[in-house]
A.B. asks: 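Please read through the structure below; I'll follow up with questions.
Residue numbers start from 1 in every chain, and the chains themselves are labelled A, B, ... in the order their sequence lines are given, proteins ahead of strands.
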Protein chains: 2
Amino acid sequence: MSASVPGVPTRTRILEAAIACFDRSGFHGASMGAICAEAGMSPGALYRYFPSKDAIIAAIVEADRERHAGFFSRLAEADDPVEALATIGIEMMDEMFAEGGTMLAVEVTAESRRNEAIRAVVRARADQCRTAISDALTRGQERGLVDPALVAGEAAQIIMAIADGLFAQKAQDPTLTADRLRDTLRTLLGRFLRPVGR
Amino acid sequence: MSASVPGVPTRTRILEAAIACFDRSGFHGASMGAICAEAGMSPGALYRYFPSKDAIIAAIVEADRERHAGFFSRLAEADDPVEALATIGIEMMDEMFAEGGTMLAVEVTAESRRNEAIRAVVRARADQCRTAISDALTRGQERGLVDPALVAGEAAQIIMAIADGLFAQKAQDPTLTADRLRDTLRTLLGRFLRPVGR
DNA sequence: CCACCGAGAGTGAACGTTCATTCTCACGTT
DNA sequence: AACGTGAGAATGAACGTTCACTCTCGGTGG
């Protein structure tokens, strides 16, 4: 129950409470009552800041999307896309494995299958990421750092699948740690993307 | 609404109806009423075959687990584990991408975070698959078909992540087809697993 | 200095709906 | 008559949401 801390705006407090509840019970399992209790306020007060439960979910997903986009913005400026991808990927994995970020990835994927608004946000994020990776790979191919035989768009898709897959694995087995996978992941990316002769 | 077909037992009819509803609305979004309507029967009749909604979910997940186990049983008898993994992986992807199998993978992952019974089944399946892949890789290493520098257990984990990730991608973008990914996936596995000198 | 005011944040009981589940009973077969 | 089967209305809990209201202050006229 996060009490009324002066510095934190009410809207943020609600979002944080909602994330905690969704993490515990999922989007549909968490009740507005539980979110209200977690935020330390009554339903009436909460509905002053968000018109509906769906609006809260949408706000959370949107914030998550922006955070993700931040990761990939660095890709455009990197000299070596393979090196940058590995570093960014490992950084993302570390962050997501540490806190409750895992739940969001899994829950959002499931929800995007039926919630129109969320599907739109997810689609936009996916396009954005895939384009960023694909462009970086193409540039890498021009400089001889990436195997020219690869189809950049499809390789990008697979790389995104690996990211999503790691979150799914973590969700299924919370004891999974990032340390054990770091090296193997780096090896995988290097061998997959580099020119075969090396 | 699947009517009463003589050949199909009632229990199976219920499970098929439930899968259709869950595919449409998710485990929590689909109501028992909807499942009854889809199966063409009343609640009273349905509850004669399953004691609860959770029991239906558990039965579906369990059946799915057995289907998965079938895929990996072939791995033990293969001469070349890399070749076998690629073939099995592509076969799995084709099947899952074709029908509504995608939803199950995603929904089950999300549900396993909070449903004790489902978590147990998921954990069992994951262990089973990882061991099968890991053993196959170890045998491949002994025969010089797999890079000896790889840690078999971690490589297996990453391979499973790729599979889960592909389902997540498909869930997020239903227009994604298996054809576009087949070759890239095969390339990825080969380069990841084979000894570097080739 | 103080009584009063208005505005906006917050309250929590109540509402209508939906859900999973149970109950009762009619029907067809033996 | 006795029994297994299924239909469908009934039940009670839980949900998201609303609404009439209270509380808290900073500002204002006297």
Side-chain angles (χ1 to χ4, degrees), chain A residues 1-61 107-108 110-111 114-118, chain B residues 1-61 107-108 110-111 114-118:
Chain A
M1 321 296 170
S2 62
S4 178
V5 182
V8 181
T10 310
R11 232 187 101 95
T12 307
R13 234 175 67 223
I14 294 172
L15 288 178
E16 279 167 5
I19 288 174
C21 290
F22 290 151
D23 184 35
R24 229 177 284 129
S25 324
F27 284 156
H28 290 282
S31 72
M32 290 300 266
I35 296 173
C36 289
E38 181 83 27
M41 68 199 325
S42 61
L46 189 149
Y47 273 87
R48 196 170 282 280
Y49 295 89
F50 291 94
S52 69
K53 189 182 182 180
D54 271 352
I56 297 179
I57 296 176
I60 291 175
V61 174
E107 206 76 28
V108 165
E111 190 66 13
R114 40 197 124 92
N115 186 322
E116 175 60 45
I118 290 192
Chain B
M1 320 297 168
S2 61
S4 178
V5 182
V8 181
T10 311
R11 233 186 102 95
T12 307
R13 233 176 67 221
I14 295 172
L15 288 178
E16 280 167 3
I19 288 174
C21 290
F22 290 151
D23 184 36
R24 228 177 285 129
S25 325
F27 285 155
H28 291 281
S31 71
M32 291 299 266
I35 296 173
C36 289
E38 180 83 27
M41 69 197 326
S42 64
L46 187 148
Y47 272 89
R48 198 170 279 281
Y49 294 89
F50 289 95
S52 69
K53 188 183 184 179
D54 270 351
I56 297 179
I57 296 176
I60 291 176
V61 173
E107 205 76 28
V108 165
E111 190 66 13
R114 40 197 124 92
N115 186 323
E116 175 61 42
I118 289 192

A.B. asks: Between B/H28 (NE2) and D/dC15 (P), how many Å, whole number?
C.D. replies: 12 Å
A.B. asks: Could you pull out all residues at least two apart from A/R24 that satisfy side-chain hydrogen bond (donor to acceptor under 3.5 Å, both in side chains)?
C.D. replies: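 side-chain hydrogen bond (donor to acceptor under 3.5 Å, both in side chains) check on A/R24 returns A/E38.
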A.B. asks: Under 4.0 Å, heavy atom to any atom of DNA chain C: which of residues 43-53 of chain A qualify?
C.D. replies: A/P43, A/G44, A/A45, A/R48, A/Y49
A.B. asks: Can you tell me how far P of D/dC15 sits from CZ of A/F27, to the nearest Å?
C.D. replies: 17 Å
A.B. asks: For B/S25, give me all partners under side chain to side chain contact (heavy atoms under 4.5 Å, CB included), at least two apart in sequence or on another chain.
C.D. replies: B/A30
A.B. asks: Residues two or more places apart in sequence or in another chain: which of them pass side chain to side chain contact (heavy atoms under 4.5 Å, CB included) with A/T12?
C.D. replies: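 Only A/V8, A/P9, A/E16 meet the side chain to side chain contact (heavy atoms under 4.5 Å, CB included) criterion with A/T12.
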A.B. asks: So which one's nearest nucleotide on DNA chain D is more toward 5', B/M41 or A/S31?
C.D. replies: B/M41
A.B. asks: Rounded to whole angstroms, how far apart are CE on A/M32 and P on C/dG12?
C.D. replies: 17 Å
A.B. asks: Select base, sugar-phosphate, or nothing to describe what A/A30 touches, counting heavy atoms under 4.0 Å on all strands.
C.D. replies: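 Sugar-phosphate: the residue A/A30, judged by heavy atoms under 4.0 Å, touches backbone atoms but no base.
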A.B. asks: Among pairs that include at least one residue of residues 10-40 of chain B, which meet ring-ring contact (aromatic ring centres under 6.0 Å, His included), considering only residues two or more places apart or in two chains?
C.D. replies: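 Of all non-adjacent pairs touching residues 10-40 of chain B, those that pass ring-ring contact (aromatic ring centres under 6.0 Å, His included) are B/F22-B/F27.
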A.B. asks: Working to the nearest 0.5 angstrom, can you tell me the gap between A/K53 NZ and A/I35 CD1?
C.D. replies: 6.0 Å
A.B. asks: Quick one: ring-ring contact (aromatic ring centres under 6.0 Å, His included) pairs with a partner in residues 29-57 of chain B, sequence neighbours left out?
C.D. replies: none
A.B. asks: Does OP1 or OP2 of D/dA7 have a side-chain N or O of B/S42 closer than 4.0 Å?
C.D. replies: yes
A.B. asks: In degrees rounded to 10°, what angle is found between the helical axes fit to the five outermost pairs at each end of the helix from C/dC1-D/dG30 to C/dT30-D/dA1?
C.D. replies: 20°
A.B. asks: With sequence neighbours excluded, tell me which residues meet side chain to side chain contact (heavy atoms under 4.5 Å, CB included) with B/A45.
C.D. replies: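 Once residues adjacent in sequence are excluded, the partners of B/A45 under the side chain to side chain contact (heavy atoms under 4.5 Å, CB included) criterion are B/M41, B/S42.
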A.B. asks: Would you say B/R11 and B/I14 make side-chain contact, with heavy atoms under 4.5 Å?
C.D. replies: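 No, their side chains stay 4.5 Å or more apart.
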